[in-house]
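Order of listing sets the numbers, starting from 1, for every ligand and every atom in it. On a predicted model such as this, the values are computed, not experimentally measured, just so you know. We're numbering straight along the sequence, starting at 1.
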Amino acid sequence: MPPKIKNQIQVVQGDITKLDCDCIVNAANRSLLGGGGVDGAIHRAAGPELLAECRTLHGCRTGEAKITRGYRLKVKYIIHTVGPIYSGTPEDAVQLADCYRNSLELAKTYDIHSIAFPAISTGVYGYPLDAATPIAVDTVADWLQSHADYDMKVIFCCFDARTKQAYQTKME
Ligand code: AR6
């Protein structure tokens with residue numbers, strides 16, 4: 001990875017709802033009406049106004065992304081994307097990469113310059129961490145490389161030590 005791209009990416013461990021950046025990404029489901037995991041944590045922290053706005057979005061297809069305001073969070077925006085439910089088919093990787101790419105693309109249209117991602121699909125949706133991590137990092141690095149004129153900082157927010165270790169290993 002070129003040093004310039006590496007400098008634009010940060011790996012942290014913690015709760016994504018506590019971050020102070022322009023935008024956080026939610027690993028949602030197709031209904032966009034809340035759930036467990038990071039989705040539940042984001043809805044709890046953002047407050048009921050978030051669910052009210054999500055109801056107006058009429059769901060989201062797997063691999064696509066939609067945006068809302070951040071409400072009670074420090075962030076201005078939340079991008080909701082739907083990762084694949086791991087099935088072991090090649091389609092999984094395509095859809096997981098789409099989540100990262102479409103989120104970054106949408107962020108750029110909203111003039112977002114710092115964005116934090118959770119490890120999409122690696123919880124309830126069962127995507128093996130060792131397979132998902134290179135897709136996350138490579139897709140983000142490729143996007144940053146092909147948008148070199150746009151100032152974007154990406155944070156991979158890892159909830160646990162094992163996830164952080166996987167990202168750090170991939171970054172090295
Ligand atoms: N901050 C950062 N990461 C978190 C947090 C948090 N507060 N909480 C959990 N994680 P998951 P998925 C991590 O299951 O696999 C929901 O019910 C978690 O440890 O949240 O994409 C949705 O509504 C894991 O590393 O998302 C969907 O139905 C990562 O976030 C379904 O789960 C993703 O785990 C989506 O499943």
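The heavy-atom pair separating Gln95 from Pro84 by the smallest distance is OE1-CB, 3.4 Å.
Taking every non-hydrogen atom of Ala27 and a distance limit under 4.0 Å, the qualifying atoms of ligand 1 come out as 21 (O), 22 (C), 26 (O), 35 (C). Every atom of ligand 1 is numbered from 1 in the order shown, and the set under 4.0 Å from a heavy atom of Asp15 is 1 (N), 6 (C), 7 (N). Taking every heavy atom of Gly36 and a limit of under 4.0 angstrom, the matching atoms of ligand 1 come to 16 (C), 17 (O). Shown in contact with Gly14 at under 4.0 Å from a heavy atom are these atoms of ligand 1, numbered in order with element: 1 (N), 2 (C).
Looking at Asp39 next to ligand 1, an N or O pair under 3.5 Å apart turns up. Of the N or O atoms in Thr163, none lie within a sub-3.5 Å distance of an N or O in ligand 1. Annotation: Ile120 places no N or O atom under 3.5 Å from an N or O atom of ligand 1; distance criterion only. Considering both main-chain and side-chain atoms, Val124 comes within under 3.5 Å of ligand 1 through a nitrogen or oxygen pair. Note: an N/O pair closer than 3.5 Å links Gly123 and ligand 1 by distance alone.
Of the protein's heavy atoms, Thr122 OG1, 3.3 Å lies nearest to atom 25 (O) of ligand 1. The nearest protein atom to atom 18 (C) of ligand 1, hydrogens excluded, is given as Phe159 CB, 4.4 Å; this is a heavy-atom distance. For atom 20 (O) of ligand 1, the nearest protein heavy atom (residue, atom name, distance) is Val38 N, 2.8 Å.
Note: His80 and His43 have tilted aromatic rings, judged against thresholds of 30 and 60 degrees for the angle between ring planes.
Within the 3.5 Å criterion, the main-chain N or O of Arg69 finds a donor-acceptor partner in the side chain of Glu53. At least one donor-acceptor pair under 3.5 Å links the side chain of Ser146 to the backbone N or O of Trp143.
In this structure, Tyr110 places its OH atom where only 12 or fewer heavy-atom neighbours from other residues, nucleotides or ligands lie under 6.0 Å away.
A salt bridge links Glu49 with Arg72: the distance from a Lys NZ or Arg NE/NH1/NH2 to an Asp or Glu carboxylate oxygen falls below 4.0 Å.
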